[in-house]
Amino acid sequence: DTAVSQTPKYLVTQMGNDKSIKCEQNLGHDTMYWYKQDSKKFLKIMFSYNNKELIINETVPNRFSPKSPDKAHLNLHINSLELGDSAVYFCASSQWQGSYEQYFGPGTRLTVT
Amino acid sequence: AQRVTQPEKLLSVFKGAPVELKCNYSYSGSPELFWYVQYSRQRLQLLLRHISRESIKGFTADLNKGETSFHLKKPFAQEEDSAMYYCALSSGGTSYGKLTFGQGTILTVHP
């Protein structure tokens, strides 16, 4: 009965490849997020979707494309991976857009070699 | 633009000692401030928010608008408090619902 789940947990790939990370929440929340945590543990928002609609899009390279097939899922696709993309990516959800308590997934550690 | 600063990356105290994790923010509007915590092998989770003015696990945090601070305090630290702590700010306007996190502070409580 995991609230926010992410797959895979670990992802090791080579530069130039394309990869996807999946996120699902079973909390019935309307809003979902993607965060990137860098090697210094700095956590920064990338995207936010509310009811499948993109509402926050930070300064993220176009190689990153989120997709929300329904409000329970928010996937992150990354094209042409670069070394600097190595990080831990966290998915989160909140009940609604203005609800500040966010529920986080376990994270996906992406390593680009 | 909003900004959150946690000046201490690492903080070590002994069990029973008081602990204060510092957080300063920069925001032109009226901020909503939060503390999130990540215990070892657990998910990041909300610890407390300033508007509720509550004490969670013995921790309190007071919003000081004059000093633009939201420090997290506990009078007697416990070993189970060892974790990564993030201060976060929520803004309104076009970024409604967006959380801006500080750099995080790793708290270690020694026995």
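Small disclaimer: the values here were computed from a predicted structure and weren't measured. The figures here come from the full heavy-atom set of this structure, side chains too, leaving out hydrogens, waters and symmetry mates.
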ILVMFWY network linking [X] to [Y], side-chain heavy atoms under 4.5 angstrom:
X        : Y         : value
Leu46(B) : Tyr103(A) : no
Leu72(B) : Phe70(B)  : yes
Leu81(A) : Leu11(A)  : yes
Leu89(B) : Leu47(B)  : yes
Met15(A) : Ile78(A)  : yes

Is it true that, when you exclude Phe76(B) itself, more than 12 heavy atoms of the residues, nucleotides or ligands shown sit nearer than 6.0 Å to its CZ?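 It does not: Phe76(B) CZ has 12 such atoms or fewer within range.
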Other residues, nucleotides and ligands only: do more than 12 of their heavy atoms fall within 6.0 Å of CZ on Phe42(A)?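 For Phe42(A), atom CZ is crowded (more than 12 foreign heavy atoms under 6.0 Å).
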Among Lys9(B), Glu32(B), Gln45(B), single out the residue with the greatest number of heavy-atom pairs under 4.5 Å to chain A.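 Sorted descending by pairs with chain A, the first entry is Lys9(B).
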Note, Tyr35(A) side chain near Leu44(B) side chain (heavy atom, < 4.5 Å):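 No, too far: nothing below the 4.5 Å cut-off.
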Would you say Gln102(A) and Tyr36(B) make side-chain contact, with heavy atoms under 4.5 Å?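 Yes; the side chains approach each other to less than 4.5 Å.
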Do you know the tightest heavy-atom contact between Arg43(B) and Gly105(A)?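 Of all heavy-atom pairs spanning Arg43(B) and Gly105(A), the closest is NH1-CA, 3.4 Å.
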Taking all non-hydrogen atoms of both residues into account, name the closest pair between Tyr86(B) and Leu43(A) and its distance.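 Where Tyr86(B) meets Leu43(A) most closely, the heavy atoms are CE2-CB, 4.1 Å.
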Engaged part of Arg49(B) at the chain A interface, taking heavy atoms whose separation is under 4.5 Å: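 Contact with chain A is through the side chain of Arg49(B) alone.
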Atom group of Gln6(B) that falls short of 4.5 Å from chain A, counting heavy atoms: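 For Gln6(B), there is no contact with chain A at all, as no heavy atom is under 4.5 Å.
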Under a 4.5 Å heavy-atom cut-off, does chain B meet the side chain of Lys41(A), its backbone, both or neither?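 Contact with chain B: backbone and side chain both.
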Roughly how far apart are Glu101(A) CD and Leu99(B) CG, rounded to 0.5 Å?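 One finds 10.5 Å between CD of Glu101(A) and CG of Leu99(B).
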